[in-house]
2 protein chains.
Amino acid sequence: MLPVKISTRGQYGVRAMTVLAARYGDGPIPVRDIAAAQGLSQSYLEQLLGPLRRAGLVRSVRGPEGGYYLASQPSEVSVGDVLRVLEGPLSPVDCVDEDSDPGLCSREDGCPARKVWVMVRDSVNRVVDSVSLQDLLSGEDLDGRRSVDGAASGSVL
Amino acid sequence: MLPVKISTRGQYGVRAMTVLAARYGDGPIPVRDIAAAQGLSQSYLEQLLGPLRRAGLVRSVRGPEGGYYLASQPSEVSVGDVLRVLEGPLSPVDCVDEDSDPGLCSREDGCPARKVWVMVRDSVNRVVDSVSLQDLLSGEDLDGRRSVDGAASGSVL
DNA sequence: GACAATCCCGAGTAGGTTAGTCAGGAAAGC
DNA sequence: GCTTTCCTGACTAACCTACTCGGGATTGTC
Ligand code: FES
Ligand code: FES
């Protein structure tokens, strides 16, 4: 009864990525260290890093001195990138999920609620796409750094 | 793996409320009619109307010719009002849920992800609070009618 | 080449949540 | 008293979440 939730996959994933962001350039960080830095279960975290690697957000090296590191600069990876890998499409209802079969929603036309779900979806996406890992590291409050696609950004909230 | 979801409670609830909004002033509408109008299960819908009544959003009359009707004008009821009754606080993670025990999140200070959850929470709340049932009924697209508390509203997305 | 440190992958699982159904009781009008 | 409606709580099947666990594949070091 209290949804509109981001699951632990997304939450832990973002926290793990900030660890890699903070140590960007230091070479590979083992999962053990990432988990310890944020107090997460190592074996669970391993499950999250797999998808992130396959999606190209992080790279890995095996063997001693191995670990994970960010594939791009912290300022170039948005929270939205991470969440979409771990949580799937950021849509509040299946009806307005652009990636799934259209026709999934039979009453699309004339559904009075549809409009607001689209607004929520776009709003959430705009926020998470506007915040980079770099933004999370800097102490300052942010109200919309990292303009989404060249547009001069005012408040994205 | 595809959360950030609003459950059927919230979805059906909003759709049901638009039915009442469309027939505002027509006297009580029986659950049967509401369910039929949106193709919902009658007995499930009854479960949603209970909370909405207790929250003061709708009123009911029993007996023949009874049913439910909106307690306020459609323009005065926001989608957020409905969702908060049926879904609970609209917070993407427990950590930033203002209603629950503070101290629930032990790593509040220095948690790098916290900032973005707050932004998402506020963004979602702003959107759903800015859209009234009336707005859903009118055919026109909306990008932020119904200024939230007197502020001249630009785009709320 | 042995060994150890890592990544890597899939299976399994306890508990909780969701989306309902169902049976029956309480008001209200005729 | 009969019917219509609201109203409530108990119940349930299916699904999902948040993990753990066991073991295999790579790679560097001695
Ligand atoms: S039921 Fe699919 S958009 Fe409303
Ligand atoms: S763990 Fe609670 S705010 Fe990040």
Side-chain angles (χ1 to χ4, degrees), chain A residues 1-16 20 26-36 38-71 83 86-88 92-95, chain B residues 1-16 20 26-36 38-71 83 86-88 92-95:
Chain A
M1 193 200 171
L2 10 95
V4 195
K5 283 271 168 291
I6 292 173
S7 70
T8 56
R9 283 174 67 92
Q11 295 180 48
Y12 295 178
V14 169
R15 284 163 63 190
L20 296 185
D26 290 4
I29 320 285
V31 181
R32 178 181 7 95
D33 289 12
I34 307 172
Q38 282 290 320
L40 305 175
S41 145
Q42 178 169 340
S43 46
Y44 190 40
L45 189 51
E46 280 180 342
Q47 291 211 329
L48 309 183
L49 286 163
L52 289 171
R53 179 179 48 79
R54 269 168 248 134
L57 295 185
V58 300
R59 290 199 244 275
S60 62
V61 270
R62 303 205 213 193
E65 301 296 297
Y68 289 89
Y69 60 97
L70 275 191
L83 290 180
L86 295 173
E87 300 273 4
V93 303
D94 291 334
C95 288
Chain B
M1 193 204 172
L2 9 95
V4 195
K5 283 271 168 290
I6 292 171
S7 70
T8 55
R9 283 174 67 92
Q11 294 180 50
Y12 295 177
V14 170
R15 284 163 62 189
L20 295 185
D26 290 5
I29 320 285
V31 182
R32 177 182 6 96
D33 289 12
I34 306 173
Q38 282 290 320
L40 305 174
S41 147
Q42 178 170 340
S43 45
Y44 190 38
L45 190 51
E46 280 179 341
Q47 291 212 330
L48 310 183
L49 285 164
L52 289 170
R53 179 178 48 79
R54 270 168 247 133
L57 295 184
V58 300
R59 290 199 244 275
S60 62
V61 236
R62 303 205 214 195
E65 301 297 296
Y68 290 89
Y69 60 97
L70 234 47
L83 289 181
L86 295 174
E87 299 273 4
V93 302
D94 291 333
C95 288

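Chain A is the first sequence line, chain B the second, and so forth, proteins listed ahead of strands; every chain is numbered from 1.
Residues Thr8(B) and Tyr44(B) are in side-chain contact: their nearest non-hydrogen atoms beyond the backbone lie under 4.5 Å apart.
Residue contacts for Arg54(B): at a heavy-atom cut-off of 4.0 Å it reaches the sugar-phosphate backbone alone, with no base atom in range.
The phosphate of dA19(C) has OP1 or OP2 within less than 4.0 Å of a side-chain N or O from Ser7(B). An OP1 or OP2 oxygen of dC8(C) is reached within less than 4.0 angstrom by a side-chain nitrogen or oxygen of Tyr68(A). In terms of phosphate contacts, Tyr12(B) brings a side-chain nitrogen or oxygen within less than 4.0 Å of OP1 or OP2 of dG20(C).
In this structure, the CG atom of Leu40(A) is 9 Å from the P atom of dC19(D), given to the nearest Å. Rounded to whole angstrom, the span from the CG atom of Leu45(B) across to the P atom of dC7(D) amounts to 12 Å. Regarding Gln42(A), its CD atom lies at a distance of 15 Å from the C1' atom of dC9(C), rounded to whole Å. dC19(D) atom P lies 12 Å from atom CZ of Arg9(A), rounded to whole Å. At whole-Å resolution of the value, CZ in Arg59(B) and P in dA27(C) are 20 Å apart. Taking atom CD of residue Glu46(B) and atom C1' of nucleotide dT8(D), one finds them 10 Å apart after rounding to whole Å. With rounding to whole Å, Arg15(A) atom CZ is found 14 Å from dA18(D) atom C1'. For the pair Lys5(A) NZ and dC16(D) P, the interatomic distance rounds to 18 Å; values are reported in whole Å.
Distance from the side chain of Pro64(A) is smallest for dA4(C) among the nucleotides dT21(C), dG20(C), dA4(C). With distances taken from any side-chain atom of Ser60(A) to the nucleotides dA19(C), dT8(D), dC7(C), the minimum falls on dC7(C). Taking every side-chain heavy atom of Ser43(A) into account, dT20(D) is the closest of dG20(C), dT6(C), dT20(D). Nearest nucleotide to the side chain of Arg53(B), out of dC8(C), dT8(D), dT3(D): dT8(D).
Nearest approach of Arg9(B) to Glu87(B), heavy atoms of both residues: C-OE2, 4.2 Å. When all heavy atoms of Gly56(A) and Ala71(A) are compared, the closest pair comes out as O-CB, 3.3 Å. Summarising the geometry of Pro51(B) relative to Leu86(B), their closest heavy-atom pair is CB-CD2, 4.3 Å, with the distance given to 0.1 Å. Taking both residues in full, the closest heavy atoms of Tyr68(A) and Leu20(A) are given as O-CD2, 3.6 Å, listed atom of the first, atom of the second, then distance.
Counting distance only, with no hydrogens placed and no angle test, the side-chain atoms of Gln47(A) and the base atoms of dT20(D) include a donor-acceptor pair under 3.5 Å. Judged by distance alone, with hydrogens and angles left aside, Arg62(A) brings a side-chain donor or acceptor within reach of the base of dA25(D), the pair sitting under 3.5 Å.
Between Gln11(B) and Pro30(A), the one whose closest nucleotide on DNA chain C sits nearer the 5' end is Pro30(A). Looking at which nucleotide of DNA chain D each of Glu65(A) and Tyr44(A) is closest to, the 5′-most match is held by Tyr44(A).
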